[in-house]
Amino acid sequence: MSDVSTALAIVLPEHLHDRINAIRAKHDRAYPRWPPHINLMFPFVPLSEFAAAMLALQAALQAVPPLTLRLDAVGYFRQKPRRATYHLKPNDHSGVRALFAAVSDALPHVATRRGEFRAHLTMGQCAEDEIEEVTADLEQWLGAGITFVVRDVCLLSRDARDGRVPFRVVAAVELGPAVADIKDAE
């Protein structure tokens, strides 16, 4: 069973939020509900299943090292008649696709979209006839890209009764092997 009040996502580091949200606040209708993120699974599992999902993710993600992700391209999806959603995306999807594969393998019961995973960070929506101008402006703003290290995946939730309530990070599962606190044995 999936739940539209939860998600599994890469949430961008806090120091990047202001720059990204300056655009999202003006152009993304979902800006008030989401932090800057890349969804891995949405909808996700009900909040009551988070503990089990975390255990499965912890086991699987020990084999996935933290990865450097560079959002260095602009793309868009056509939606609704004559509308488009534009986004930032990586030119090199290999690391994030490996992460998605590990997540999907760990949670095979969670429905995902068929086909190749396309990581993207939604920046806004516009009329389809404006997309060339909008994406050209976004490419200029983006410059050489936004680079950050993905150290964890986040489990997000919001109030299921009120879709206006923003998603919040409930828990995060780190990538790579757990680091034990080793004490001197004397």
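This is a predicted model, so every value here is computed, not measured.
- To the nearest 0.5 Å, atom CG of residue Leu12 and atom SG of residue Cys154 are 10.0 Å apart.
- When all heavy atoms are compared, the tightest approach of Val74 to Lys89 is O-CE, 4.0 Å.
- No more than 12 heavy atoms of other residues, nucleotides or ligands shown are found within 6.0 angstrom of CG on Asp18.
- Within the model, atoms NE2 of His109 and OG of Ser2 stand 10.5 Å from one another, a figure rounded to the nearest 0.5 Å.
- The distance between the ring centers of Tyr76 and Tyr86 does not fall below 6.0 angstrom.
- Counting non-hydrogen atoms of neighbouring residues, nucleotides and ligands closer than 6.0 angstrom, the CZ atom of Arg19 exceeds 12 such neighbours.
- Residues Ile20 and Val11 do not share a hydrophobic cluster, defined by chaining ILVMFWY side chains whose heavy atoms lie under 4.5 Å apart.
- Linking ILVMFWY side-chain heavy atoms closer than 4.5 Å, directly or via other members, places Leu57 and Val170 in a single hydrophobic cluster.
- At least one donor-acceptor pair under 3.5 Å links the side chain of Thr6 to the backbone N or O of Val45.
- Interatomic distance, Leu175 CG to Gln58 CD, rounded to the nearest 0.5 Å: 11.5 Å.
- Here Phe77 and His120 bring their ring centres to under 6.0 angstrom of each other.
- Nearest approach of Leu67 to Gly95, heavy atoms of both residues: CD2-O, 3.7 Å.
- Applying side chain to side chain contact (heavy atoms under 4.5 Å, CB included) to Pro36 and the options Asn21, Ile10, Leu16 leaves one that passes, Asn21.
- Separation of atoms OG1 (Thr135) and CG (Leu142) is listed at 11.5 Å; rounding is to 0.5 Å.
- In this structure, OG1 on Thr85 lies 13.5 Å from NE2 on His27, to the nearest 0.5 angstrom.
- Minimum heavy-atom separation, Ile146 to Trp141: CD1-CH2, 4.0 Å.
- The closest side-chain heavy-atom distance from Phe42 to Val4 is below 4.5 Å.
- Atoms NE2 and CG, on His87 and Asp28 in that order, are 12.5 Å from each other to the nearest 0.5 Å.
- The closest donor-acceptor contact from the side chain of Glu128 to the backbone of Arg78 lies at 3.5 Å or more, if one exists at all.
- Scanning all heavy atoms of the two residues, the minimum distance from Ala144 to Asp72 falls at O-CB, 3.9 Å.
- Annotation for Ala84 and Ile131: closest pair CB-CD1, 3.9 Å, computed over non-hydrogen atoms.
- Legend: residues meeting salt bridge (charged side-chain N to carboxylate O under 4.0 Å, His left out) with Arg158, ordered by chain and number and at least two apart, are absent.
- Ring geometry for Phe167 versus Trp34: interplanar angle under 30°, hence parallel rather than tilted (30 to 60°).
- Residues Leu88 and Phe148 share a hydrophobic cluster, clusters being chains of Ile/Leu/Val/Met/Phe/Trp/Tyr side chains in contact below 4.5 Å.
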Working note: Leu40 + Phe117, criterion side-chain contact (heavy atoms from CB on, under 4.5 Å); need CA distance, chi angles, decisive distance, verdict. CA-CA 9 Å; Leu40 295 168; Phe117 177 68; 3.8 Å; yes
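- The two residues Ala60 and Ala102 have their closest heavy-atom pair at CB-O, 4.0 Å.
- Put simply, the side chain of Val110 reaches to within 4.5 Å of the side chain of Met41, judged on heavy atoms.
- The neighbour count for Arg97 CZ, taken as heavy atoms of other residues, nucleotides or ligands under 6.0 Å away, is above 12.
- Between the His37 side chain and the Pro35 main chain, a donor and an acceptor come within less than 3.5 Å of each other.
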